[in-house]
Amino acid sequence: MGFFLTIEGVEGAGKTTAKAVVLRWLQECGHEFIATREPGGTPLAEQLRALVLGEHEEQVSDTTELLLMFAARSQNLSERIEPSLAAGKVVVCDRFTDATYAYQSGGRGIDEQRIAVLEQLVQGDRRPDMTLLLDVAPEVGLARARGRATAEGGELDRIEQEAIEFFHRVRSVYLQRAARFADQYVVIDASQSVANVEQQIVGALQARLG
Ligand code: Z5A
């Protein structure tokens, strides 16, 4: 039946680093898997990612942002996620709909009922089997993300430029959802060292998939 694993957290929490740990562990254990990300994951969805995260001369409305996230998700689901799950694979997705609740509802203030309607339309009953939430204070995460952007000569995207209060609201929704969907979520203390975070992740994987 496959297994749907998502990785969430505020910017710079260490999702990319965590994804590498998860993929290495799956490989070592002989699981079949694919890795994807949101927004993105297919050529069309990656174009939608560039649109939604890029800078524009006009103001991007909150509803436009929300719909672009779900448009990309719909494509990733039909092209990659659902076929891989049907083939019995583990799907590792860097962000999914929990991010929409955190950013578009928590951050932007969109009513979560409106998100729930789109969630049902686009996903039906599909929900992650497990979500690793890398939890860290936004100040720490943003400092890491900015450090990496400087080191790589990259620029912060449109959402990364939001004020710190935005990311506090994002984190708060993630933690509320982790408490509400305790069977789905594993909260990882991402303020720890990379080695310690890796240990927590491997422990969570062994408990569910080992
Ligand atoms: N978004 C949305 O609004 N709604 C949605 O529905 C979805 C997404 C799906 C793109 O996400 C944006 O889309 C995102 C939310 C929005 N907001 N923004 N902007 P993304 O996941 O592609 O991008 P990101 O959140 O900006 O991720 P990131 O900056 O790539 O961060 P990360 O992957 O969590 O962190 P990292 O690259 O693994 O680590 C950052 C740096 O810290 C790096 O130098 C690491 O070596 C270092 N690091 C990592 N772990 C540690 C520890 N434990 N200690 C010390 N240093 C560490």
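Order of appearance sets the numbers: ligands from 1, and atoms from 1 within every ligand.
The protein atom (non-hydrogen) at minimum distance from atom 33 (O) of ligand 1 is T16 OG1, 2.5 Å. In this structure, atom 45 (C) of ligand 1 lies nearest to the protein heavy atom T17 OG1, 4.0 Å. Atom 40 (C) of ligand 1 has its closest protein heavy atom at G12 CA, 4.1 Å. Of the protein's heavy atoms, E11 OE1, 3.5 Å lies nearest to atom 24 (P) of ligand 1. In terms of protein heavy-atom proximity, atom 37 (O) of ligand 1 is nearest to R148 NH1, 2.5 Å. The protein atom (non-hydrogen) at minimum distance from atom 16 (C) of ligand 1 is I159 CD1, 3.9 Å. From the protein, the heavy atom lying nearest to atom 5 (C) of ligand 1 is M69 SD, 3.5 Å. In terms of protein heavy atoms, atom 34 (O) of ligand 1 is closest to K15 N, 2.8 Å.
Residue contacts with ligand 1 include R73, since one or more of its heavy atoms lies under 4.0 Å from the ligand. The shortest heavy-atom distance from K19 to ligand 1 is not under 4.0 Å. In this structure, G147 has no heavy atom closer than 4.0 Å to ligand 1.
Judged by distance alone, the side chain of E38 and the main-chain N or O of C93 form no donor-acceptor pair under 3.5 Å. In this structure, the side chain of S105 engages the main chain of I110 through a donor-acceptor pair within 3.5 Å. Side chain of R158 to main chain of V52: a donor-acceptor pair is present (N/O by atom type, distance under 3.5 Å, no hydrogens or angles). Under the 3.5 Å distance criterion, the side-chain polar atoms of T150 are matched with a main-chain donor or acceptor of R146. Checked by atom type and distance alone, the side chain of Q104 never pairs as donor or acceptor with a backbone atom of G109 at under 3.5 Å.
Using a cut-off of 4.0 Å between Lys/Arg side-chain N and Asp/Glu carboxylate O, E162 and R108 are scored as salt-bridged.
For a threshold of 3.5 Å applied to N or O pairs, the pair formed by R37 and ligand 1 contains no separation below that value. Considering both main-chain and side-chain atoms, G14 comes within under 3.5 Å of ligand 1 through a nitrogen or oxygen pair. The N/O atoms of D157, backbone and side chain alike, include one that comes under 3.5 Å of an N/O atom in ligand 1. Annotation: E38 places no N or O atom under 3.5 Å from an N or O atom of ligand 1; distance criterion only. Close N/O approach between E65 and ligand 1 is not found [any backbone or side-chain N/O within under 3.5 Å]. The shortest N or O to N or O distance between A13 and ligand 1 is under 3.5 Å.
Near P39, meaning under 4.0 Å from one of its heavy atoms, ligand 1 places the atoms 7 (C), 8 (C), 9 (C), 13 (O). Atoms of ligand 1 found under 4.0 Å from any heavy atom of Q192, numbered from 1 in the order shown, are 52 (C), 53 (N), 54 (N). Short contacts between ligand 1 and T100, defined as distances under 4.0 Å to a heavy atom of the residue, involve ligand atoms 5 (C), 6 (O).
Using modelled atom types, one finds no donor on one side chain facing an acceptor on the other under 3.5 Å when comparing R80 with T42. When only modelled atom types and interatomic distance are considered, Y101 and E119 share a side-chain donor-acceptor pair under 3.5 Å. With hydrogens and angles left out, the side-chain atoms of T6 and D98 include no donor and acceptor closer than 3.5 Å. Side-chain polar atoms of Q161 and E55 form a donor-acceptor pair below 3.5 angstrom. There is no side-chain donor-acceptor pair under 3.5 Å between T131 and R177.
Between F4 and F96, the ring planes lie perpendicular to each other; the angle is over 60°, past the 30° to 60° tilted range.
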Please assess R24 against E198 for the test salt bridge (charged side-chain N to carboxylate O under 4.0 Å, His left out), listing each intermediate value before the final yes or no. CA-CA 11 Å; R24 199 173 58 234; E198 174 166 350; 2.5 Å; yes
Any chance you could lay out the side chain to side chain donor-acceptor pair (under 3.5 Å) test for Q176 and S172, step after step, and finish with the verdict? CA-CA 6 Å; Q176 285 165 25; S172 162; 3.3 Å; yes
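Counting heavy atoms closer than 4.0 Å to ligand 1, residue D94 contributes side-chain atoms (C-beta onward) but none from N, CA, C or O. For T97, no heavy-atom contact with ligand 1 is shorter than 4.0 Å. With a heavy-atom cut-off of 4.0 Å, S193 touches ligand 1 through its backbone alone. For R49, every heavy-atom contact with ligand 1 shorter than 4.0 Å involves the side chain, none the backbone.
Of the residues listed (L85, V90, L26, V91), the one engaging F3 in a side chain to side chain contact (heavy atoms under 4.5 Å, CB included) is V90, and it is the only one.
Of all the listed residues (Q104, R144, Q161), R144 holds the heavy atom that lies closest to atom 41 (C) of ligand 1. The heavy atom nearest to atom 20 (P) of ligand 1, out of those in E152, R95, R108, is found in R95.
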